[in-house]
A.B. asks: 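Sharing a structure with you now.
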Amino acid sequence: MTAVKLTSGSPKDWRHVWRLVSPYRTTITLLALVSFVGALLEAGFLVLLTGTVVALAAGQQALTPVLGLSLPVRGALLVAGVAIVLRLAIGLSGAHLSARLVANVTVDERRRLSEGFLRASWAVQQAEPSGRLQELMGSFVARASFTATALTQGITAALSLLAFLGTGVAIDALLTLGVLAALLVLGSVLAPLRTRIRRLSVRSAGSGLTFANSVAEYAGLGQEMHTFGAQQHFLDQIDVVSRDAADAARRVQTAQGQLTPVYTFLAYGAVVLGIGALLLLGFGDLASVGAVMLLMLRSLSYAQSLLTVSGQFASSIPYLENLDEILNGYRAQAAHLGDGRPDRVVPVEFDRVNFSYSGERPALEDVSLTIHPGEIIGVIGPSGSGKSTLAQLLLGLRDPSAGAILAGGKDLREINRRWWTRRVSFVPQDPVLFTGTVAENIRFFRDGISHEGMRSAAQRANVLTDIEALPQGFNTHLGERGSQLSGGQRQRLSIARALVGGPELLVMDEPTSALDGKSEGLILDTMRVLRGEVTMVVIAHRMSTLDLCDRIMVIEHGRVTGFTTPSDLYQGNAFYREALATAGLGAGVQGDDS
Ligand code: ADP
């Protein structure tokens, strides 16, 4: 997992916030304008209201002139009424603008993440800890929209505060500045609390990811968990990580919640003391003191909301940082797209290919070989010798660390991915079906696949009879992950999926290793039918699969120690001889290389 970093609460944090909201500059500007005008209207209303009350109390028909303007009581009330109606309209449209902004941020962040992930190379996707993408899409994106909400609230609060203070200064500059100074001192007094929130939140983001990873991992252990009766252990483990995550979240929430009461206490105290001191010293008349007091008290709620927002930023920025960092990681290792289109895929040549997983000893070393059109190649070797790695390189999912792979004479890295994926197919050891119909599972979201093409692929994959026996044939809805099919049927369905695009090259990773003899026989029949038409590379676990192979490759410790016809291999390769002997197939197979 990418480590959750602790960074200082510096202005560069704003980079992440800016990245998040910069596409919505227009909406934000509009929102700022709306907030400012709304607050000016509200401030005007409060000034008029105070003036009216003071005039009425003194039995006067007109207000004490404000900013050189003298208004009759009725006129003042009318203007105040209009001001609050306009304030209402502006407030409602502001709410609409900020909700839309937050919804857009959520959708766009999810889009950015899924795009980054799906376009990343297979190496990056495969190395992702389980559950992390879900966690990023879920709570991390929620945090991003939370930040956007905080930003809109912050803008509203800051501009409203500005409008109120401006009005206050216009009415009584000294009074207002006195209160403002007290507020600024308060803001700085609370800085350590904000730093603490941020620190706690970094921890909370980390435990959130750990929790998600653990849950995803345990969820994948279903059968083993039951078989070995280990539920209690996992229950306890989930408890531990869940408690840890909840505890971290609780601390953040507590610290965030403490900001407001502490601030309110200090701020009200400061206003009372400030205004009291000025009155004692004989500054200001009753109407101005009343108006400034109302304005300042209302300002306090905006200042308070600014403070809450600053706490929310402090707690969200670590999440945004993580999002950006992980996304940059995806983007830095995007799958190459290439634009080369050779005449055909095969021959495929490996030219002194080396491959290492990061920082580990080479999984493949100095592999040079050629696969010719129409061949069936078997690949064998001890577990961990590099067979699957070779298959992934052959599929163009990973790039060689050194050397090159040429397909149809072109470097695989330069070949257009779309072109390639239409001509090269794969059957995994454990096929993944998704919740959908049989037809959708065979088509696998590719265009231009006719029903006829699907039937023909299913027939060649020896699964057509099984499909037709289902209640709605190709339109039968498979249970979650195709759970209603047997292992053999799932595997043959995945072969139909691989064949339906009419591939030139088919790579199979131990396609029969988990199947019974009958299912294996059906798959071998398919391979017989495809012989000569499709080039096949089959990683074989069972020696009987090799009966069909024109040539067999032996990989041991990342090196190709033999690659020739079965009979020649029988003469020259000890691993092959031993494997045949273990399978009880010795003499039978060694002569069958026709
Ligand atoms: P095989 O298919 O023959 O069992 P693999 O190609 O899966 O062998 O693995 C070859 C070597 O590479 C092994 O040492 C294995 O541990 C290592 N390896 C395989 N996949 C990864 C991976 N994703 N990250 C790091 N090492 C890996």
Side-chain angles (χ1 to χ4, degrees), residues 1-3 117-118 120-133 213 216-217 220-221 326 329-330 332-335 348 350 352-369 371 376-403 405 412 424-432 491 494 498 505-515 536-546 549 551-563 569 573-576 578-580 582-583:
M1 189 202 306
T2 306
F117 180 78
L118 291 173
S121 67
W122 166 244
V124 172
Q125 293 178 357
Q126 200 255 343
E128 272 299 276
S130 48
R132 183 156 86 163
L133 189 64
N213 292 345
E217 206 169 301
L221 286 174
I326 292 169
Y330 291 158
Q333 295 180 68
V348 177
F350 277 53
R352 283 168 292 158
V353 167
N354 280 276
F355 180 82
S356 308
Y357 292 98
S358 53
E360 299 182 23
R361 68 168 186 78
L364 283 179
E365 261 186 291
D366 202 22
V367 175
S368 290
L369 53 91
I371 298 166
I376 305 185
I377 307 282
V379 182
I380 59 171
S383 177
S385 59
K387 304 183 293 295
S388 299
T389 307
L390 181 103
Q392 291 177 29
L393 286 165
L394 188 55
L395 289 165
L397 296 175
R398 293 184 190 273
D399 294 332
S401 313
I405 301 171
L412 190 42
V424 178
S425 223
F426 176 60
V427 176
Q429 186 172 8
D430 192 12
V432 180
Q491 190 57 284
S494 107
L505 173 65
L506 180 60
V507 180
M508 304 201 231
D509 191 350
E510 315 205 85
T512 60
S513 63
L515 304 183
M536 281 177 272
V537 175
V538 189
I539 298 178
H541 188 71
R542 292 192 176 175
M543 290 294 125
S544 45
T545 315
L546 300 178
C549 295
R551 288 192 293 158
I552 296 171
M553 183 189 311
V554 181
I555 306 186
E556 294 174 272
H557 306 294
R559 288 181 172 271
V560 175
T561 58
F563 186 26
L569 200 63
N573 190 282
F575 177 84
Y576 181 56
E578 277 169 32
L580 284 179
T582 311

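Computed over heavy atoms, backbone and side chain alike; hydrogens, waters and symmetry mates excluded. Order of listing sets the numbers, starting from 1, for every ligand and every atom in it.
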A.B. asks: Within the 4.5 Å heavy-atom criterion, are Leu390 and Phe350 side-chain neighbours or not?
C.D. replies: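 Side chain of Leu390 against side chain of Phe350, heavy atoms only: contact under 4.5 Å found.
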A.B. asks: Any heavy-atom pair between the side chains of Tyr330 and Glu128 that's under 4.5 Å?
C.D. replies: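 With C-beta onward as the side chain, the pair touches.
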A.B. asks: Heavy-atom contacts with Ser385 under 4.0 Å: which atoms of ligand 1 show up? List them by number with element.
C.D. replies: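 This gives 1 (P), 3 (O), 8 (O) as the contact atoms.
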A.B. asks: Measuring from atom 3 (O) of ligand 1, which candidate in Glu510, Lys387, Gln429 has the nearest non-hydrogen atom?
C.D. replies: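 It is Lys387 that holds the nearest heavy atom.
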A.B. asks: Looking only at the side chains, is there a donor atom on one of Gln392 and Thr389 sitting less than 3.5 Å from an acceptor on the other?
C.D. replies: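 Thr389 and Gln392 do not have a side-chain donor-acceptor pair below 3.5 Å.
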A.B. asks: Using heavy atoms and a threshold below 4.0 Å, how should the contact between Ala127 and ligand 1 be classified: side chain, backbone, both, or neither?
C.D. replies: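 The answer is neither.
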A.B. asks: If you count the atoms of ligand 1 from 1 in the order shown, which ones are under 4.0 Å from a heavy atom of Ala363?
C.D. replies: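 Near Ala363, meaning under 4.0 Å from one of its heavy atoms, ligand 1 has 11 (C), 12 (O).
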A.B. asks: Nearest to atom 23 (N) of ligand 1, what protein heavy atom do you find, and at what distance?
C.D. replies: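 Closest protein heavy atom to atom 23 (N) of ligand 1: Gln126 OE1, 3.0 Å.
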A.B. asks: Thr389 to ligand 1: N or O pair under 3.5 Å?
C.D. replies: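 Yes: some nitrogen or oxygen of Thr389 is under 3.5 Å from one in ligand 1.
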A.B. asks: Do Leu393 and Val367 have side chains that approach each other closer than 4.5 Å (heavy atoms only, starting at C-beta)?
C.D. replies: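 Contact flag for Leu393/Val367 side chains = no.
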A.B. asks: Please identify which atoms of ligand 1 are closer than 4.0 Å to at least one heavy atom of Pro382.
C.D. replies: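 Going through ligand 1 atom by atom, the ones under 4.0 Å from Pro382 are 3 (O).
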A.B. asks: Are the side chain of Gln491 and the backbone N or O of Gln429 linked by a donor-acceptor pair below 3.5 Å?
C.D. replies: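 Yes; at least one donor-acceptor contact below 3.5 Å.
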A.B. asks: What protein heavy atom lies closest to atom 12 (O) of ligand 1? Include the residue and the distance to one decimal.
C.D. replies: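 Ranking protein heavy atoms by distance from atom 12 (O) of ligand 1, first comes Tyr357 CE1, 3.3 Å.
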A.B. asks: Where the closest heavy atom to atom 7 (O) of ligand 1 is concerned, which of Ala123, Ser383, Ser388, Gly384 has it?
C.D. replies: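 Residue with the shortest heavy-atom distance to the ligand atom: Ser388.
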A.B. asks: Between the main-chain N or O of Leu118 and the side-chain N or O of Gln125, is there a donor-acceptor pair closer than 3.5 Å?
C.D. replies: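 Flag set: sc Gln125 to bb Leu118 pair under 3.5 Å.
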A.B. asks: Measuring only between side-chain heavy atoms, which start at C-beta, is Pro362 closer than 4.5 Å to Ser401?
C.D. replies: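 Contact flag for Pro362/Ser401 side chains = no.
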A.B. asks: Measure from atom 16 (O) of ligand 1 to the protein's non-hydrogen atoms and state whether any distance is below 4.0 Å.
C.D. replies: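 There is no protein heavy atom less than 4.0 Å from atom 16 (O) of ligand 1.
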A.B. asks: For atom 8 (O) of ligand 1, what is the nearest protein heavy atom, given as residue, atom name and distance?
C.D. replies: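 Answer for atom 8 (O) of ligand 1: Gly386 N, 3.2 Å.
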A.B. asks: Using modelled atom types and a 3.5 Å cut-off, is there a donor and acceptor pairing between side-chain atoms of Ser425 and backbone atoms of Leu506?
C.D. replies: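 Side chain of Ser425 to backbone of Leu506: no pair is present.
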